[in-house]
Amino acid sequence: KTSEQDGYIFSNYWKLAMLQLVADPVDLWCQALQTAMDGLGTDEDTLTALVCTIPPTLRQSIHERYLQRTNKTLVAHIESETSFKYKKVFTTQVRSPAEAR
């Protein structure tokens, strides 16, 4: 019997990849954004890639779900994790459609 840790096919990474394929896209975006900003320091490269590629059709849903998951708005979390002109660019880019009007 092959254990769950043996071999390439039964690794935890494979399971995680399969679970992510059927997960809600909004949850994936929220999880990725939160992971980029959690812990010591911010992974600015990942945060840049995520913020610049948020699909316009999911933007409002991501803002709402992020608030539910973290009790903090996405814009407020980005403002607390970044500084100077980087913060200004990010907060402008990540605004929800309602805030951008």
Side-chain angles (χ1 to χ4, degrees):
K1 181 176 177 183
T2 305
S3 72
E4 291 183 11
Q5 295 298 320
D6 291 343
Y8 175 75
I9 293 176
F10 297 102
S11 70
N12 286 333
Y13 294 118
W14 183 82
K15 283 186 199 177
L16 182 60
M18 293 299 109
L19 288 173
Q20 300 300 337
L21 287 174
V22 296
D24 181 22
V26 175
D27 281 334
L28 290 176
W29 278 95
C30 291
Q31 178 185 1
L33 287 162
Q34 188 175 3
T35 302
M37 293 184 278
D38 279 351
L40 293 173
T42 299
D43 184 355
E44 292 178 350
D45 292 333
T46 302
L47 188 59
T48 301
L50 290 169
V51 166
C52 292
T53 59
I54 293 176
T57 56
L58 297 178
R59 190 174 299 269
Q60 185 64 37
S61 301
I62 290 170
H63 279 272
E64 292 167 1
R65 185 84 46 90
Y66 197 87
L67 181 60
Q68 290 173 353
R69 287 174 59 118
T70 63
N71 294 326
K72 188 186 268 192
T73 66
L74 180 57
V75 174
H77 198 179
I78 289 175
E79 285 177 343
S80 71
E81 295 289 329
T82 57
S83 58
F84 305 115
K85 291 184 180 181
Y86 203 59
K87 174 171 48 176
K88 188 174 183 179
V89 168
F90 268 166
T91 54
T92 303
Q93 178 71 26
V94 81
R95 284 192 180 135
S96 68
E99 292 173 342
R101 291 183 190 152

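Residues: numbered from 1 along the sequence shown. Note that the structure is predicted; figures quoted are calculated from it, not measured.
Panel note: side chain His63, backbone Val94; a donor-acceptor pair is recorded below 3.5 Å. Put simply, the side chain of Thr70 gets close to the backbone of Lys72: a donor and an acceptor are under 3.5 Å apart. Tyr86 places a side-chain N or O within donor-acceptor distance of the main-chain N or O of Glu44, the cut-off being under 3.5 Å.
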query: Thr82 and Leu47: side chain to side chain contact (heavy atoms under 4.5 Å, CB included), yes or no, with the steps?
result: CA-CA 10 Å; Thr82 57; Leu47 188 59; 4.2 Å; yes
message: Quick one, Arg69 with Gln31, criterion side chain to side chain contact (heavy atoms under 4.5 Å, CB included). Give me CA distance, side-chain angles, the key distance, then yes/no.
response: CA-CA 9 Å; Arg69 287 174 59 118; Gln31 178 185 1; 3.8 Å; yes
field: Chi angles and distances behind the side chain to side chain contact (heavy atoms under 4.5 Å, CB included) call for Glu64, Val26
entry: CA-CA 10 Å; Glu64 292 167 1; Val26 175; over 6 Å; no
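Closest heavy-atom contact between Thr73 and Tyr66: C-CD2, 4.1 Å. Pairing each heavy atom of Gln93 with each of Cys52, the nearest pair is NE2-CA, 4.2 Å. Nearest heavy-atom pair, Gln68 versus Asn71, reported as atom, atom and distance to 0.1 Å: O-OD1, 4.0 Å. Across every non-hydrogen atom of Ala36 and Thr46, the tightest pair is CB-CG2, 4.0 Å.
One hydrophobic cluster holds both Val51 and Met37 under the rule that ILVMFWY side chains link at heavy-atom gaps under 4.5 Å. The hydrophobic cluster containing Ile78 does not contain Leu28, counting ILVMFWY residues as joined when their side-chain heavy atoms lie under 4.5 angstrom apart, directly or transitively.
In summary, of the residues considered (Leu50, Leu74, Asp24), a side-chain contact (heavy atoms from CB on, under 4.5 Å) with Trp29 occurs for Leu50 alone.
Between Val75 and Phe90, every side-chain heavy-atom pair lies at or beyond the 4.5 Å cut-off.
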